Number of protein chains: 2
Amino acid sequence: MKCFTPAEIEQRLVERSVLPTAQRIPICRYVLCEADHPTADDVKRWTDKNFPKLSLATVYNTLKTLVGAGLLREFRFPHSEKVIYDSNVVDHFHFLDEESGKLFDLSGEHVEVRAKSAVPEGYTLDTIEVVLRGRKTKR
Amino acid sequence: MKCFTPAEIEQRLVERSVLPTAQRIPICRYVLCEADHPTADDVKRWTDKNFPKLSLATVYNTLKTLVGAGLLREFRFPHSEKVIYDSNVVDHFHFLDEESGKLFDLSGEHVEVRAKSAVPEGYTLDTIEVVLRGRKTKR
DNA sequence: GTTAGTGCAAATCCTTTGCAAGCCG
DNA sequence: CGGCTTGCAAAGGATTTGCACTAAC
């Protein structure tokens, strides 16, 4: 898990032309460092504990702003209707624990996709998404 | 696109212990034959045209029943918050046209995934999901 | 006649939006 | 001052649910 100092967070925001407001910094602290594939709801629960005056709308606004700034990615997975945010903005895949819903990041080294003949006639391939699903091995 | 006769549809339902009611048969006709990755909404729009008395709740109930019976699969894709139904119940992957939202089925021949080292320690791999995303080639 | 299926409307969940008020440059 | 940000509450879209009604064994 990456860990940025408050100063580093502020710097990253400024770099991307996002004003580092009093609400955005704590949200970033959680979302970019501490959290692991959180939902908006997870973020709200965390801010409720730590920064009680922060509103749900601001959570959503900030998350959207961060996604727009390229500091965060949003995913939608088959197992949940909620949007899931990922501070890992490098291309990667996921492994889903079907029991707990926990997600593991998989880098390109772990998964190889060969999609040569898969792109329909007249189309250009843009991105590849892979989700492996499984569960804890029973023994 | 598969095409079943009304009799075949009825038989498939009965085989899976799903009562072939007056509402379910038309829904199946659309969903199992005519439709291409429809949403619940698509189904409702179709029944509104062809079987006006059919309620939204029945559409959802029927879709859920069909999924439970293994006649239909449901998917959730990153580009849409709606559930998408697929009459192709054999394992396969998808190509998404990011502009139109249209989905193409890809069989295992088209895409090869090597996931050897990707499964986290202590986990067993269950299924693999792949979505390729792209758009029409500009020329 | 009992059980399963249907229709309707209300409810729920997640997310977005409108708008008035606050803050910062 | 003027624009961006915030908070609140209301609205919105997708799906589910409660319940009375109907239909099929």
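The chains referred to below are lettered A, B, ... by the order of the sequence lines, with proteins before strands, and numbering in each begins at 1. Only heavy atoms go into these numbers, but all of them, side chains included; no hydrogens, no water, no symmetry mates. This structure is a prediction, so every number in the text was calculated from the model and none was measured.
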Subject >> Spacing between B:Asn61 atom CG and D:dT16 atom C1', to the nearest angstrom >> reply: 9 Å
**OP:** Please identify each residue that fulfils salt bridge (charged side-chain N to carboxylate O under 4.0 Å, His left out) with B:Arg114, with sequence neighbours left out.
**Re:** A:Glu112, B:Glu112
Subject >> Those residues that, when tested against B:Thr137, pass side-chain hydrogen bond (donor to acceptor under 3.5 Å, both in side chains) (two or more places apart) >> reply: A:Thr124
Original post:
Between A:Leu66 (CG) and D:dT5 (P), how many Å, whole number?
Top reply: 12 Å
Original post:
Do any side-chain nitrogens or oxygens of A:Thr21 fall under 4.0 Å of OP1 or OP2 in D:dT6?
Top reply: yes
**OP:** Could I get the full list of side chain to side chain contact (heavy atoms under 4.5 Å, CB included) partners for B:Val18, not counting sequence neighbours?
**Re:** B:Leu13, B:Arg16, B:Arg24, B:Thr65, B:Ala69
Subject >> Residues that B:His37 engages under ring-ring contact (aromatic ring centres under 6.0 Å, His included), provided they are two or more places apart >> reply: B:His94
Subject >> Rounded distance in Å - CD1 (B:Ile25) to C1' (D:dA23) >> reply: 14 Å
Subject >> Cluster companions of B:Val14 among Ile, Leu, Val, Met, Phe, Trp, Tyr (side-chain spacing under 4.5 Å) >> reply: none
Original post:
Would you call A:Asp97 and A:Arg133 a salt bridge, using N to O less than 4.0 angstrom?
Top reply: no
**OP:** Would you kindly compare A:Ser17 and B:Tyr85 by the position of their nearest DNA chain D nucleotide and give the one closer to the 5′ end?
**Re:** A:Ser17
Original post:
Within this structure, what is the CG-to-C1' distance between A:Leu13 and D:dT5, rounded to whole angstrom?
Top reply: 14 Å
Subject >> Under-4.0 Å side-chain N/O to phosphate OP1/OP2 contact, B:Arg76 with D:dA14 >> reply: no
Original post:
Which pairs, with at least one residue in residues 6-33 of chain A and sequence neighbours excluded, count as a ring-ring contact (aromatic ring centres under 6.0 Å, His included)?
Top reply: A:Tyr30-A:Trp46
**OP:** Could you state the atom-to-atom distance from NZ of B:Lys82 to P of D:dT16 in whole Å?
**Re:** 14 Å
Subject >> Positional range of nucleotides in DNA chain C within the contact set of chain A, heavy-atom, under 4.0 Å >> reply: C:dC14 to C:dT17
**OP:** Can you sort out which residues in residues 44-58 of chain B have a heavy atom within less than 4.0 Å of DNA chain C? Ascending by number, please.
**Re:** B:Lys53, B:Leu54, B:Ser55, B:Ala57, B:Thr58
Subject >> Non-hydrogen side-chain atoms of B:Asp105 and B:Phe95 separated by less than 4.5 Å >> reply: no
Subject >> Separation of atom OH in A:Tyr60 from atom C1' in D:dG13, rounded to whole Å >> reply: 13 Å
Original post:
Mind checking what makes side-chain hydrogen bond (donor to acceptor under 3.5 Å, both in side chains) contact with A:Asn61, not counting sequence neighbours?
Top reply: none
